Asker: 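Submitted below is the structure of interest, expressed as structure tokens.
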Amino acid sequence: MSTSNQAFGGSPEQIAVRAAEILRENDLGGWTKAAPRLYPHQWSWDSAFIAIGLAHLDTRRAAQELRVLFAAQWATGMVPHIVFNPAASGYFPNVERWGTAVSPNIPTGMQTSGMCQPPVHAIAARYIWEIARQRNEAEAADATAFLRELYPRLLAWHRYLATDRDPEQSGLVTIYHPWESGADNSPAWDNALAAITVGDLPPYERHDLKHADPSMRPTMAEYDRYLWIVEVMKQGRYDEATTYRTNPFLVKGVWFSAIFVAANDALLEIADIVDAPDADRALITEWRDRGLRGLNERWDPTLNLCLDYDLRAGVPIRVQVMGGFAPLIAGHLTPERRAAILATLDSPAWLGHPRLRWPVPPSTSPDDPAFDSRRYWRGPTWPVMNWLFWWALTQAGETERAAVLRQASLDQLADGLFGEYYEPFTGEPLGSLDQSWTAAVALDWLNTKQ
Ligand code: 2M8
């Protein structure tokens, strides 16, 4: 791991070389740990981004990343958010604390958490195939075979999200836990967490505080609630219907749902490549269109952002967080919505903020009262999220904006430290260094022309 950036000039070539090295260092043979020490296991959405970066080094190895993850898919179709490495210790909650062995749905012999993360996987699988096709015929043939193999699993994963996680058929995915959002301590979850009464919680020791500065991590009050939700889910044997009835945290997550829309578009393309039945295509189209309608209903014309919805409290969550840009990620923008969302993005509350070190989106707007420039998902900028914005802008044909964002993101990474997240005003790298998904997205930017 680099502890100093003194010998690092920050040229694109140097960034690419170091990014590839990090992915190699964090490679545990067919799968990649999310970070050298803080995250020693395989995380679901990290893996998808990692596969996108790996594809530029070795498309077969990239495919293997997703193959290993999907081997832990539950019988319900859920792809768990952590696949534990039995050889690693030092992360909490560990598999014993999760107690997922109580579920009849976990695959035999697997050690996983009992919840999920945003479904970037179909986007990643589609990406691998595209890159393989540009390489040579042998790689393209292997990538097509890989898509054939993964397609039924991707379909089951999406079916799970569209049914078990949306019994209301609202088009929006219900999340059971802030960890499922990926943006763990976002201010979006503050009220929903505050409303939770923590019951009889077995004692615990946090390991994350040994590997990261506690002032940047979620608070103890948040952790108590994170672990209490896990207790409740465990008591219900991770049964979906039970969780829906008993879970103290039940939120329609717009960022998650938007990624699901984009992933359904990718899955439609995969369905074409693998000659899937027309009935599948009709189903996936229905999920996608329902998602777009659901997001549309959560648009807030006063904030010009899309808002999460707290199902327990029955209220929209009025905060200015990155998730509000969900319609941009989902795509299929009407001219009015495009204009509105880009105006928000350019405004002083976001990319136009005068104090930003680089014009990359902070996880929470500096204008929001809950903004905290150093604490995790409450303000810092996340290179991997820059990538999602860049990708969505590219998909939307906003090539100039995408190019500016790509360059700003690479400027941010010129320190060679590959931070998990960055202080938006000073550009200081924070959290874990040599974070895998940061290295992965750098590789993608440096191998893409725009
Ligand atoms: C963070 O989440 C984990 C829990 O899942 C943690 O804080 O221990 C989040 O940033 C999440 O989005 C990410 O997938 C994970 C690994 O990078 O770390």
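What's counted below: heavy atoms across the whole structure, side chains too, no hydrogens, waters or symmetry copies. First listed ligand is number 1; within each ligand, the first listed atom is number 1. Not measured: the values here are computed from a predicted model.
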Asker: Specify the protein heavy atom at minimum distance from atom 13 (C) of ligand 1: its residue, its atom name, and the distance to 0.1 Å.
Answerer: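 Minimum-distance protein heavy atom for atom 13 (C) of ligand 1 reads Asp46 OD1, 3.6 Å.
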Asker: In the protein, which heavy atom is nearest to atom 4 (C) of ligand 1, and how far is it?
Answerer: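 Among all protein heavy atoms, the one nearest atom 4 (C) of ligand 1 is Tyr91 OH, 3.4 Å.
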Asker: Over all heavy atoms of both residues, which pair between Thr112 and Trp98 is shortest? Give the atoms and the distance, please.
Answerer: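 Closest approach of Thr112 to Trp98, heavy atoms only: O-CB, 4.4 Å.
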Asker: Are the aromatic rings of Trp350 and Phe325 close, with centres under 6.0 Å apart?
Answerer: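 Judged by ring-centre distance (under 6.0 Å), Trp350 and Phe325 do meet the cut-off.
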Asker: Trp382 heavy atoms, cut-off 4.0 Å: which ligand 1 atoms fall inside?
Answerer: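 Listed by number with element, the hits are 10 (O).
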Asker: Is the distance between the ring centroids of His353 and Phe425 under 6.0 Å?
Answerer: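 So the answer is yes for these two rings.
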Asker: Between Asn26 and Thr32, is any side-chain donor less than 3.5 angstrom from a side-chain acceptor?
Answerer: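 Absent: no donor and acceptor within the cut-off.
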Asker: Taking heavy atoms and a distance under 4.0 Å, where does Phe49 meet ligand 1: side chain, backbone, both or neither?
Answerer: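 None of Phe49 does.
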Asker: Between Tyr226, Trp377, Tyr39, which one has a non-hydrogen atom sitting closest to atom 10 (O) of ligand 1?
Answerer: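 Checking each option, the heavy atom nearest atom 10 (O) of ligand 1 is found in Trp377.
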Asker: Going by distance only, is there an N or O of Asp184 that falls short of 3.5 Å from an N or O of ligand 1?
Answerer: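 Among all N and O atoms of Asp184, at least one is under 3.5 Å from an N or O of ligand 1.
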Asker: Are Trp31 and Ser47 side-chain neighbours, meaning at least one heavy-atom pair lies under 4.5 Å?
Answerer: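 Not in contact.
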Asker: Who's closest to atom 9 (C) of ligand 1 heavy-atom-wise, of Tyr376, Tyr421, Trp179?
Answerer: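 Residue with the shortest heavy-atom distance to the ligand atom: Tyr376.
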Asker: Are Tyr204 and Asp224 close enough, and set up right, to give a side chain to side chain donor-acceptor pair (under 3.5 Å), and what steps lead you there?
Answerer: CA-CA 9 Å; Tyr204 66 95; Asp224 278 355; 2.5 Å; yes
Asker: Does ligand 1 have an atom that lies less than 4.0 angstrom from a heavy atom of Asp208?
Answerer: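 The answer is no: ligand 1 sits nowhere under 4.0 Å from a heavy atom of Asp208.
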Asker: What atoms of ligand 1 come within less than 4.0 Å of a heavy atom belonging to Gln117?
Answerer: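 Taking each heavy atom of Gln117 in turn, ligand 1 has 11 (C), 12 (O), 13 (C), 14 (O) under 4.0 Å.
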Asker: In ligand 1, which numbered atoms sit nearer than 4.0 Å to a non-hydrogen atom of Gln435?
Answerer: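 In order of numbering, the contacting atoms are 17 (O).
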Asker: Centroid separation under 6.0 Å, is that true for the rings of Tyr376 and Trp382?
Answerer: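 Ring centroids of Trp382 and Tyr376 are less than 6.0 Å from each other.
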Asker: Considering only heavy atoms of Gly182, which atoms of ligand 1 have at least one such atom less than 4.0 Å away?
Answerer: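 Near Gly182, meaning under 4.0 Å from one of its heavy atoms, ligand 1 has 9 (C), 10 (O), 11 (C), 12 (O).
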Asker: Should we count CG of Asn94 as having more than 12 external heavy atoms under 6.0 Å?
Answerer: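 Counting other residues, nucleotides and ligands, CG of Asn94 exceeds 12 neighbours.
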Asker: Just distances here: any N/O of Arg217 and N/O of ligand 1 closer than 3.5 Å?
Answerer: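 Looking only at distances, the answer is yes, because the N/O contact criterion of under 3.5 Å is met.
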